[in-house]
Amino acid sequence: MEFEVQDHEIDILLQDLMESYGYDFTDYSRASLKRRINRLYSLDKFSSFVLFRQRIKTDSTYFRRFVEEITVNVTEMFRDPLFYKTIREEVLPVLATHPFIRIWHAGCSTGEEVYSMAILLHEAGLLKKSLLYATDINPDVLDRLRKGIFPLRFIKQYSENYIQSGGKQDFSSYYTAKYDWAKFDEKLAAKMVVATHNLVSDRSFNEFQLILCRNVLIYFDRNLQDKALQLFDESLDTLGFLALGAKENIKYSPIYRKYKQLDNKERIWRKIA
Amino acid sequence: MAENSITQAIQLIAIGGSAGSLDVILKLVPALNPRLPAAIIIITHRKASSEEILVDLLNAKSTWPVREAEEKDTIAPHTIYIAPTDYHLLIEQDHSFSLDVSEKVNYSRPSIDITFESAAEVYGPAVLGILLSGANADGVEGLRHIKTRGGLCLVQDPDTADVDYMPRQAVQQVKIDKVLPADQLAGYINSLFDTQQK
């Protein structure tokens, strides 16, 4: 793929997005953003940058597609099973001591990981006293999350992940298969609070004992990473847990000194100060 | 011919391979001149979490520092970076790494095409792209991109590759500077730098 949309044109687009819609992508990692924008440009068969720019500026439906396509919405249930095993074995027993559990999935996309967490809570007997806050910048992916319907072709992989994460139940008891889709049990979704939230511009909105933000920070530059981690720090109880993606780290952030990573080196940190 | 086309010193060597490439990499890397002033990025298609094994293997065999590429790491000369499994590896204009878990490309994540294209964008003529044995065409578009930006392309001779599809596609589709049997790749790379120093 030759890059049709050049850096200076991307600067123009990002400026438009701020002026027309109030979305700020200027602190996103540029290499990935540039590839995503160019991918969409060729996917939707634009013939000139002028037309592309015009469409985004004037068509708010297309703008939503633009945001959904340039942000990455690839996710899976029980992604990195050993991470979920650690949540099961080391984090949930601590959360169990609270009378009420609040968990925030920031940048949750279509919610496969939120459903995974709900299943873990259910199996630990904690779902009834838990609320899972699921937020993302894209309203459309959140609509899919609310429905809890995922493509059946991925279920075999999810089922294997579930077992690797220490799951002992029959995974198929959590969903009903129909045609090409699996609809997950509504008792899981009943404990989810779903809302749009933009990590670039929105503030803290509650206090949590566990915050998960997996494979979101890799798309931010260092400055925006620090800002998001600051926001998580403000939103986390003392002795609460912060969980990131497999290749993400807080070691370069100012919040680092207040946190201690779990001994098994999964990307889960406990707030100790 | 290829030697004469070098107008700018090579700063980055990007090596891509799939099925049948591991042995080639394990022989090629230790045979490189230990004082080459370039950075090396290796992108291969492997099972999840096996990058640590490759890092260990190369560390044991090579005098170069070898590590998994981490997001925001600045690429340093004379260092070997291994692309982590299950992430695409991109390069920013400031020569730091970015990771991306977007859709697989050519059924692959990491995709060789993505890293090659990104390297070409940032390093232009200072990239040497190398494609080895493999069973799909990932990396071919990337080589084309490197070529377009004035970089240099080297491909393992398909007749010497365990799985010849990947290098054969490259030779058929892109104007490759040099096609060499596996055991001559390291010597050729070393000689490129000799030429540069003259």
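Just so it is clear, the model here is predicted, and its values are computed rather than measured. Throughout, protein chains are lettered first and strands after them, A, B, ... in sequence-line order, and every chain is numbered starting at 1.
- Note on A/Ile218, A/Val74, A/Asn249: by heavy-atom pairs under 4.5 Å with chain B, the leading option is A/Ile218.
- Side-chain contact between B/Ile82 and B/Arg46 is present, with at least one heavy-atom pair separated by less than 4.5 Å.
- Annotation for B/Asp159: atom CG counts as buried by contact number, over 12 foreign heavy atoms lying within 6.0 Å.
- Here A/Tyr256 and A/Trp269 keep their ring centres 6.0 angstrom or further from each other.
- For the residue pair A/Thr110 and A/Glu112, a side-chain donor N or O sits within less than 3.5 Å of a side-chain acceptor on the partner.
- Contact of B/Glu70 with chain A is made through the side chain alone, with heavy-atom distances under 4.5 Å.
- Looking at B/Ile114, the atoms closer than 4.5 Å to chain A (heavy atoms on both sides) all sit in the side chain, from C-beta outward.
- Both the backbone and the side chain of B/Ser102 come within less than 4.5 Å of a heavy atom of chain A.
- When side chains are defined from C-beta on, A/Arg30 counts as touching A/Asp11, because their heavy atoms get closer than 4.5 Å.
- Each of B/Asp100, B/Leu90, B/Ile91 has some count of heavy-atom pairs under 4.5 Å with chain A, and the biggest count is that of B/Asp100.
- For A/Phe220, the part lying near chain B is the backbone, with the side chain staying farther off; criterion is any non-hydrogen pair under 4.5 Å.
- Ion pair A/Arg35/B/Glu103 not flagged as a salt bridge, since none of the NZ, NE, NH1 or NH2 atoms sits closer than 4.0 Å to an Asp/Glu carboxylate oxygen.
- Only the side chain of A/Asp7 comes within contact range of chain B, with heavy atoms under 4.5 Å apart.
- For A/Arg214, no part lies near chain B; criterion is any non-hydrogen pair under 4.5 Å.
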